[in-house]
Visitor: 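After the structure tokens below, expect a handful of questions from me.
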Amino acid sequence: MLDIKLIREQPDTVKRGLATRNVDTAVIDEVLKLDANWRELKAQEETQQAALNKANKAFGPWMGARKKDPKAPAPAELTQLLGAAPTDPDAAKAALGKLGEQRADIATLADKLMAEIEQKLLFVPNLPAAQTPLGKSEDDNVVRKTWGDAPKFAFIPKAHWDLADLGNEIGGRISGSGFPFFRGRLARLERALITFFLDLHTREHGYTECWAPFLVREETLRNSGQLPKFLEEMYRTDARDDLFLIPTAEVPLTSIHADSIIPDEQAPIRYCAFTPCFRREAGAAGKDTRGILRVHQFSKVELMVVTTPEKSEAEHETLTRCAERVLELLEIPYRRLELCTADIGFGAARCYDLEVWAAGVGKWLEASSCSIFTDYQARRAKIRVKDKEKGARLAHTLNGSGLACPRTMIAILENNQTAEGKVRIPKALQPYYGCEWL
RNA sequence: GGAGGGGUGGCAGAGUGGUUGAUCGCGUCGGUUUCGAAAACCGAAAUGCCGGAAACGGCAUCGGGGGUUCGAAUCCCCCCCCCUCCGCCA
């Protein structure tokens, strides 16, 4: 969520930023209007409340005094608030009750306005960082680096669906399209990849391994920004439980420190977790659907970091490097794309996509997305850091895939194939897979 | 699923309708003392929102939401979480 104070103080900056993301900035003016209204009502409410509090505080002692002397005069606070000295406690009660109702009416209005403001802000994405390149569409993303060489073949390389049995028919029968069913070699390869990813990040990159729930509450998805905006993308259980299947481990990981304050010296806190990811892909029907290019359930090892605003920018690079390292060890050619303002994710301020080269389909495929959210998620999830001099302030969060299995698997299959249709397992993965050839 | 017990400040733990933002202890920070430290003593210390240049003032917060009341940490209702026992089950 964006900072309401920033919207108040620098509405034009906010609008400019949002405009670069192709967001209709009218919402900012609506929020400003509601906010001005809200503040006025809130001030009224609090003034009234302050007066009532004073009067009520004096009430008890008055009752006590009347026990000794039934003629004890009403305290000044009461007289002042009511305009005249009340004759007896019951009259005072009635009068105070009326004033209390008036206050409650104002409070109800104020609360309604605030709810409206929040409802609007929940649909407003983060502001892009200054470094994020301006752009109108994904075509304006910028290639920041390229690693490795695309393999050369003396034959026409096959697509992954022609190299191994993806089990799409079986999966389709038991769950529907977009649910591959691996048996034998690919199942083992999937497991090898997951273990390899986790071992690398926990042993060499300093991430704490997590095993998180795959079903979460609505509130948890709100914390990390998937809800309320992306409801259509989410699998949801029925009303008995009303839980959501996570679209990424980012969701449970981001909420680990929700509603809490972390001492600065503990930052950065780095987590990684394997989870399956569930996505309805509601808007993407028919696009890149062959093989396992786009599926409803896939495995992913996610990296997630909570840190201070001071350290977050450097951490973004570190995190991205951790993901790139996986690709380098697996000898997969990749490029780092910096997403432009039109293409960065909802909560992100800045984002690198790592795309792997897949020789069979002849495309760059997104295998990782490394984002810095600045305080956007932290504000929703109420994650703060605290330092003696700087006091408490919102934390910064980051996350990135390290990596997603299907796209990594596609690259391995397609890039390492031989003329005979065999696939060589990358050296670093061989101990995990158990042999050199698939 | 059934029965019971709990959720209070960084931790621990009082408080059952009226100056309680909340006793005491531990921990933390500052000071006195000391060559230095420990101990002792004195003192400080929550978060959010609104107003203010600031000092500061106001409001809110005792798991969350609603209610009763002039007034709620304290009474009532709903929800969530944790613990114990029973049942069921991988």
Side-chain angles (χ1 to χ4, degrees), chain A residues 1-9 31-32 34-68 72 74-115 117-118 121 211 213-220 222-223 239-243 252 255-266 375 378-395:
Chain A
M1 207 147 67
L2 292 182
D3 185 2
I4 183 77
K5 282 186 201 157
L6 184 71
I7 295 175
R8 266 179 215 149
E9 287 159 19
V31 166
L32 279 170
L34 289 167
D35 179 60
N37 241 318
W38 174 80
R39 279 190 292 168
E40 200 186 313
L41 285 174
K42 199 71 185 164
Q44 281 179 34
E45 179 202 332
E46 290 187 359
T47 310
Q48 184 83 320
Q49 183 69 59
L52 282 167
N53 283 348
K54 265 191 194 162
N56 281 326
K57 228 165 211 180
F59 209 100
W62 183 34
M63 302 285 271
R66 278 176 57 94
K67 269 184 195 158
K68 288 177 197 152
E77 290 86 347
L78 265 177
T79 308
Q80 200 186 336
L81 180 62
L82 300 179
T87 47
D88 64 287
D90 286 336
K93 279 185 192 178
L96 285 175
K98 273 229 171 69
L99 288 173
E101 274 168 35
Q102 283 173 22
R103 187 213 58 89
D105 289 344
I106 297 171
T108 306
L109 271 175
D111 290 349
K112 226 179 114 192
L113 285 177
M114 182 45 83
I117 292 169
E118 274 174 0
L121 286 182
W211 187 263
F214 304 158
L215 283 163
V216 297
R217 293 205 170 114
E218 180 176 358
E219 171 200 334
T220 311
R222 188 173 293 242
N223 284 345
R240 286 173 303 172
D241 304 294
D242 199 21
L243 293 167
S255 280
I256 292 175
H257 294 285
D259 293 306
S260 59
I261 303 181
I262 301 159
D264 262 38
E265 58 268 24
Q266 284 179 24
D375 60 12
R379 184 169 294 107
R380 289 182 171 218
K382 299 189 186 72
I383 309 168
R384 285 173 295 178
V385 288
K386 187 179 189 174
D387 172 83
K388 239 198 307 186
E389 276 109 56
K390 299 186 192 94
R393 59 230 193 278
L394 288 168

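It should be emphasised that the depicted structure is a prediction, and the values quoted were computed from it without experimental measurement. Heavy atoms only: backbone and side chains are in, while hydrogens, waters and symmetry mates are out. Within every chain, numbering begins at 1; the chains are lettered A, B, ... in the order of the sequence lines, protein sequences first and strands thereafter.
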Visitor: Closest nucleotide of RNA chain B for A:K54 versus for A:R217: which of these residues is on the 5' side?
Guide: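 In this pair, the answer is A:K54.
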Visitor: Given the C1' atoms of B:A22 and B:A45, what is the spacing between them in whole Å?
Guide: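 These two C1' atoms come out 15 Å apart once rounded.
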Visitor: Using purine N1 to pyrimidine N3 plus N6-O4 or O6-N4 for Watson-Crick, or N1-O2 and O6-N3 for G-U wobble, both under 3.5 Å, which nucleotide pairs with B:G43?
Guide: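 Partner of B:G43: B:C29.
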Visitor: For B:U84 versus B:G27, give the span between their C1' atoms, rounded off to a whole number of Å.
Guide: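 It works out to 30 Å between them.
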Visitor: Roughly how far apart, to the nearest Å, are B:G21 and B:G58 at atom P?
Guide: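 Going atom to atom, P in each nucleotide, I get 12 Å.
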Visitor: Could you pull out all residues at least two apart from A:D35 that satisfy salt bridge (charged side-chain N to carboxylate O under 4.0 Å, His left out)?
Guide: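 Once residues adjacent in sequence are excluded, the partners of A:D35 under the salt bridge (charged side-chain N to carboxylate O under 4.0 Å, His left out) criterion are A:R8, A:R39.
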Visitor: Need the pair for B:C49. Rule: Watson-Crick or G-U wobble, both distances under 3.5 Å, any strand; none if unpaired.
Guide: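 Paired with B:C49, as far as the under-3.5 Å criterion goes, is B:G58.
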Visitor: Considering only atom P, compute the distance from B:U74 to B:G66 and round it to an integer number of Å.
Guide: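 B:U74 and B:G66 have their P atoms separated by 14 Å.
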Visitor: Using the P atom as the reference point in each nucleotide, state the distance between B:C70 and B:C56 in Å, no decimals.
Guide: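 To the nearest whole Å, 37 Å.
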Visitor: B:C26 and B:C35: how far apart are their C1' atoms, nearest whole angstrom?
Guide: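 After rounding to an integer number of Å, I get 30 Å for this pair.
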Visitor: Sequence neighbours excluded, which residues qualify as side chain to side chain contact (heavy atoms under 4.5 Å, CB included) partners of A:P263?
Guide: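 Result, side chain to side chain contact (heavy atoms under 4.5 Å, CB included) vs A:P263: A:E265, A:Q266.
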Visitor: Rounded to the nearest 0.5 Å, how far apart are CE of A:M114 and CG of A:L34?
Guide: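 Separation between the atoms: 9.5 Å.
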Visitor: In whole angstrom, give me the gap between the C1' atoms of B:C29 and B:G10.
Guide: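 About 13 Å, rounded to a whole number of Å.
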Visitor: Kindly say whether A:K5 contributes a backbone atom to a donor-acceptor pair with the side chain of A:D3 at under 3.5 angstrom?
Guide: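 Pair found, side chain donor or acceptor close to backbone of A:K5.
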Visitor: How would you label the contact of A:D90 with the nucleic acid (heavy atoms, under 4.0 Å): base, sugar-phosphate, or nothing?
Guide: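 No contact at all - A:D90 keeps every heavy atom at 4.0 Å or more from the nucleic acid.
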Visitor: Just checking A:R379: base, sugar-phosphate only, or nothing, at a heavy-atom cut-off of under 4.0 Å?
Guide: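 Nothing: the residue A:R379, judged by heavy atoms under 4.0 Å, touches no strand.
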Visitor: Using side-chain hydrogen bond (donor to acceptor under 3.5 Å, both in side chains) as the criterion, list what pairs up with A:T220, not counting sequence neighbours.
Guide: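 For A:T220, no residue satisfies side-chain hydrogen bond (donor to acceptor under 3.5 Å, both in side chains) once neighbours in sequence are set aside.
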Visitor: Between the side chains of A:R222 and A:E219, is the shortest nitrogen-to-carboxylate-oxygen separation below 4.0 Å, so that they form an ion pair?
Guide: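 No.
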Visitor: If we take the C1' atom in both B:G6 and B:A73, what is their distance in whole Å?
Guide: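 Taking atom C1' in both B:G6 and B:A73, they lie 15 Å apart.
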Visitor: What I want to find out is whether A:R384 reaches A:D375 closely enough, with some N-O distance under 4.0 Å, to be called a salt bridge.
Guide: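 Looking at A:R384 and A:D375, the cut-off is not met.
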Visitor: Counting only Watson-Crick pairs (N1-N3 plus N6-O4 or O6-N4) and G-U wobbles (N1-O2, O6-N3), all under 3.5 Å, who is the partner of B:A14?
Guide: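 Result: none.
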Visitor: Starting at the 5' end of RNA chain B, which residue's closest nucleotide do you reach first, A:I261 or A:A50?
Guide: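 Closest to the 5' end, via its nearest nucleotide, is A:I261.
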Visitor: Do any side-chain atoms of residues 99-112 of chain A form donor-acceptor pairs under 3.5 angstrom with protein atoms, and if so which ones, sequence neighbours left out?
Guide:
{"residue": "A:R103", "atom": "NE", "partner": "A:Q49", "partner atom": "OE1", "Å": "3.0"}
{"residue": "A:R103", "atom": "NH1", "partner": "A:Q49", "partner atom": "OE1", "Å": "3.2"}
{"residue": "A:T108", "atom": "OG1", "partner": "A:A104", "partner atom": "O", "Å": "2.7"}

Visitor: Under a 3.5 Å cut-off for both contacts, is B:G1 paired Watson-Crick or G-U wobble with anything, and if yes, with which nucleotide?
Guide: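 Across all strands, the one nucleotide that pairs with B:G1 is B:C86.
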Visitor: Which base, if any, makes a Watson-Crick or G-U wobble pair with B:G21, both distances under 3.5 Å?
Guide: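 Because no pair has both required distances under 3.5 Å, B:G21 counts as unpaired.
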Visitor: Are A:L96 and A:L81 packed together at the side-chain level, in the sense that at least one heavy-atom pair is separated by less than 4.5 angstrom?
Guide: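 SC-SC contact between A:L96 and A:L81 confirmed.
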Visitor: Pick base, sugar-phosphate or nothing for A:A43, based on heavy-atom distances below 4.0 Å to the nucleic acid.
Guide: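 No contact.
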Visitor: Under 4.0 Å between any heavy atoms, over every strand shown, what does A:K386 touch: base, sugar-phosphate, or nothing? Just pick one.
Guide: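 A:K386: backbone/sugar contact only, no base atoms under 4.0 Å.
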Visitor: Go through RNA chain B in 5' to 3' direction and return only the first and the last nucleotide with some atom under 4.0 Å of chain A's heavy atoms.
Guide: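 The protein-touched segment is B:G18 to B:C81.
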Visitor: Looking at A:H257, is its backbone amide N or carbonyl O close enough to the side chain of A:S260 to form a donor-acceptor pair, meaning the two atoms are under 3.5 Å apart?
Guide: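 Answer holds: yes.
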Visitor: Determine which nucleotide pairs with B:A72, using a 3.5 Å limit on both distances of a Watson-Crick or G-U wobble pair.
Guide: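 Paired with B:A72, as far as the under-3.5 Å criterion goes, is no nucleotide at all.
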Visitor: For RNA chain B, find the residues of residues 94-102 of chain A with a heavy-atom distance under 4.0 Å and give them by number; none if there aren't any.
Guide: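 Those residues whose heavy atoms fall under 4.0 Å from RNA chain B, taken from residues 94-102 of chain A in numerical order, are A:L96, A:G97.
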